[in-house]
Enquirer: 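Below you will find the structure I want to go over with you.
Here the structure is a predicted model, which means the values were calculated and not measured. Letters go in sequence order (proteins before strands), and every chain restarts at 1.
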There are 2 protein chains.
Amino acid sequence: MNLKELAHHLNLSQTTVSRALNGYPEVKKTTRLRVEAAAREFNYTPNARAKGLATGRSMSIGHVIPTSAKREMVNPVFGDFITGASEAYVQAGYDLVLTLVEDGKEERLYRNIRDKGNVDGIIVHSPRMQDSRIALLSDLGLPFVVHGRASDITADYSWVDMNSRRAFSRATAFLIELGHRRIALVNGLEFMDFAFRRRDGYLSALAAQAITPDPALMRAGEMTELLGHQSARDMLDLADPPTAFLTSSMVTAIGVRRAIQEAGLEMGRDVSVITHDDELSYLKNGQDVPLFTATRSSVRAAGRRAADMLLQMIADKDCGPLHSLLEAELILGNSTGPAPAADIKTPYRQERT
Amino acid sequence: MNLKELAHHLNLSQTTVSRALNGYPEVKKTTRLRVEAAAREFNYTPNARAKGLATGRSMSIGHVIPTSAKREMVNPVFGDFITGASEAYVQAGYDLVLTLVEDGKEERLYRNIRDKGNVDGIIVHSPRMQDSRIALLSDLGLPFVVHGRASDITADYSWVDMNSRRAFSRATAFLIELGHRRIALVNGLEFMDFAFRRRDGYLSALAAQAITPDPALMRAGEMTELLGHQSARDMLDLADPPTAFLTSSMVTAIGVRRAIQEAGLEMGRDVSVITHDDELSYLKNGQDVPLFTATRSSVRAAGRRAADMLLQMIADKDCGPLHSLLEAELILGNSTGPAPAADIKTPYRQERT
DNA sequence: GACTCATCTCAAAGCGCTTTGGACATTTGC
DNA sequence: GCAAATGTCCAAAGCGCTTTGAGATGAGTC
């Protein structure tokens, strides 16, 4: 059933039916009700392509996620982010179109996306520190929101991000307060902006207590279980091993825990661990008492926020770049405790904020 | 730059330009080259909505994934599946549109999707044992491929699935061969078809050796780390605890491992574990020697396969329902070993296939 | 009764593309 | 040499919708 048929059936013009359905005022109330009833009865749904062609809007949002042939990992965070964003899209009647793109082929792709015209806006995932996509998209004139930021970019653009620096600096300060001095960082790939910020937070907290960072205690890589395991195993083997670990993801933390156990140590007593917890739906951090002490920020909420922002920008072209900085909570779990006796030095008491 | 402008610029009609670009034969070679050069020069990309309207095809595929307000978990397998499917779509010039739908609202949604006309086909995720979506989609006349099967549906439809029953029956048989008799199953939700099949495989292997299944050793739930942990903890507490676990996902297996360690036991020596490994990109099962003995089947490959099938069905309406059954490998890792001495009974030797 | 307003409705243009049904020129077949 | 076939191009219709500009209709005003 299309508009023409529906109109004919109702003995009305397409114009009137269209207006009735789209809430225009110049339609008599009784007519409108009659039209709506018929539309329901015949299960009429306007053809999206035709509607899009006529209105110039596609009612869908593009999510572009980068992949690379080498590190061919799909960020596990993605599913939850999408779930959050979807809530907003469903409410607003938007669709979500997903595009995976190999590193490097991005310029052509974004241009294509714009010219094809099948999305009204874009969500950019996984920004690097300097990310050419941002300038490109600004040029293209397609509304976009970045999930994360790009530290090296000075131009203004819209983003939603977690305060990674603050979260990791708080976590580090907390470990220091517990008496830890040898604190290891198992980070994500540090050309990714979020990972860079996390390290920055970690270093700043060390510096605040005049602790010299030890390169041997810093590792970065794809945030897999293996990375956590290997890093922790190697570090625990050092002559002067760490008494605490800070990791960038739950999966990595699980690897760290494995290495700790294999070393015959107990997490939370012999070695402390703090991880970042994205609140992924399939990786809950314990139930009553969290398994891991963690900096926690829901990536699903971030997705929701980003989508809301983008929709707002589409509705109001001039609302200018929007920003949203989400603060992570520091939640206490069973994986942290005072530094083992041998290592305890009275820490400078520090106000936690 | 649109077709009209491009045509005008070239002093040609839209017809000719369109034909030149779409490879129709009735265009002189030199004209075609001239057109192609200009298209490249001006970065011409046809508008997808207009093209879709004219051709009646949208050049995109819908992925519909069910969520429920209650168990609001996004299947972590999803990211990898999509990655596989994307490979096919990119090659064929298709887009992927993603829709999350709450349980129950599906009928209306699928009908809408068809009438909106913004996808040419659908991939159905996470089928239940009896799944109304399949009959519905058949009625709607929209090509679709199911990732998984629905045991209670007799009608023919297209699917890609892993041979869950065989995989779990082999895994169970292998454990029996190692001397295990008390074998626990920590499964996914059993109204999900794949989980049902896995239990079926498990039970059949037990039955083949005349081992009576013990309800106390069977658990099902969302495949989280917590499920694995709680199930294993409870079971290891039994008077007659299991000596081996079969779990439906890596994440769950990690929870089982945790419980084993907390019980002061060693995985692979005191207690054996076999898990199913979807080869998720962020959850590699060890490196040289796998951490877990596992039934392994790449969900990414399944995605690729499903997408290829769907594209074929779209290209050739009459190619009829297609099926693809993927066999899982049984790979040996460090998590299995002979049943502890006390429990060893000489097993009937069984041919593994 | 002639006038203006509202109110309601419609025909038709247009969104950017494909595709049908020729038109015209050039070859080919006999 | 002429009809038929072929090669190359175009004008125009149509995909299903929205939206413009204007035409009816009836109520209110002088």
Enquirer: Measure from the side chain of K51(A), starting at C-beta and using heavy atoms only, and say which of dC9(D), dC17(D), dG16(C) lies closest.
Expert: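 The listed nucleotide nearest to K51(A)'s side chain is dC17(D).
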Enquirer: In whole angstroms, how far is the P atom of dG16(C) from the CZ atom of R57(A)?
Expert: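 Interatomic distance, CZ of R57(A) to P of dG16(C): 16 Å.
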Enquirer: Report the distance from atom CG of L53(B) to atom P of dC15(C), rounded to the nearest whole Å.
Expert: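 The distance from CG of L53(B) to P of dC15(C) comes to 13 Å, rounded to the nearest Å.
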Enquirer: Measure the distance from CD on E26(B) to C1' on dT18(C) and round it to the nearest whole Å.
Expert: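 Rounded to whole Å, this separation is 12 Å.
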Enquirer: Please report, rounded to the nearest Å, how far the C1' atom of dT6(D) is from the NZ atom of K28(B).
Expert: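 Taking atom C1' of dT6(D) as the reference, NZ of K28(B) is at 14 Å.
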Enquirer: Each nucleotide N or O in nucleotides 23-27 of chain C that has a protein N or O under 3.5 Å away: list the pair and distance.
Expert:
none

Enquirer: Do other residues, nucleotides or ligands put more than 12 heavy atoms under 6.0 Å from the NE2 atom of H8(B)?
Expert: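 Counting neighbours around NE2 of H8(B), 12 or fewer heavy atoms of other residues, nucleotides or ligands fall under 6.0 Å, so no.
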Enquirer: Do Y110(A) and R133(A) have side chains that approach each other closer than 4.5 Å (heavy atoms only, starting at C-beta)?
Expert: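 Answer yes - side chains close enough.
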Enquirer: Cut-off 3.5 Å, side chains only: do S58(A) and N118(A) have a donor facing an acceptor?
Expert: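 Their side chains do not contain a donor-acceptor pair, so the 3.5 Å distance test is not met.
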Enquirer: Inspect the contact between E107(B) and R111(B) and indicate whether a charged nitrogen and a carboxylate oxygen are less than 4.0 angstrom apart.
Expert: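 Yes, this pair counts.
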Enquirer: Is there a side-chain contact between E36(A) and L33(A) in this structure, where contact means two heavy atoms from C-beta onward sitting under 4.5 Å apart?
Expert: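 Yes, side chains in contact.
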Enquirer: Roughly how far, to the nearest 0.5 Å, is CG of L311(B) from OH of Y94(B)?
Expert: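 Spacing of OH (Y94(B)) from CG (L311(B)) equals 6.0 Å.
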Enquirer: Using a heavy-atom distance cut-off of less than 4.0 Å, which residues of residues 1-25 of chain A contact DNA chain C?
Expert: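 Residues of residues 1-25 of chain A under 4.0 Å from DNA chain C: N11(A), L12(A), S13(A), T15(A), T16(A), R19(A).
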Enquirer: Can you check whether T55(B) has a side-chain N or O nearer than 4.0 Å to OP1 or OP2 of dT19(C)?
Expert: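 No, T55(B) has no side-chain N/O under 4.0 Å of OP1/OP2 on dT19(C).
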Enquirer: Is the side chain of N47(B) donor-acceptor paired with the backbone N or O of R49(B) at a distance under 3.5 Å, no angle test?
Expert: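 Yes, because the side chain of N47(B) sits within donor-acceptor range (under 3.5 Å) of the backbone of R49(B).
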Enquirer: In whole angstrom, give the distance that lies between atom CE of M59(A) and atom C1' of dC17(D).
Expert: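 It works out to 14 Å between those atoms.
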Enquirer: Can you find a side chain N or O atom of Y44(A) that sits less than 4.0 Å from OP1 or OP2 on dG16(D)?
Expert: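 Looking at the OP1 and OP2 atoms of dG16(D), neither is under 4.0 Å from any side-chain N or O of Y44(A).
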Enquirer: Is there side-chain contact between V124(A) and E106(A), with heavy atoms separated by less than 4.5 Å?
Expert: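 When only atoms from C-beta onward are counted, E106(A) and V124(A) do not touch, as no gap falls below 4.5 Å.
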Enquirer: Between Y89(B) and H63(B), does the ring centre distance come in under 6.0 Å?
Expert: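 Here the rings of H63(B) and Y89(B) have centres that are less than 6.0 Å from each other.
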Enquirer: I need the CZ-P distance between R49(B) and dG14(D), as an integer number of Å.
Expert: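 Going from R49(B) (CZ) to dG14(D) (P), I get 23 Å.
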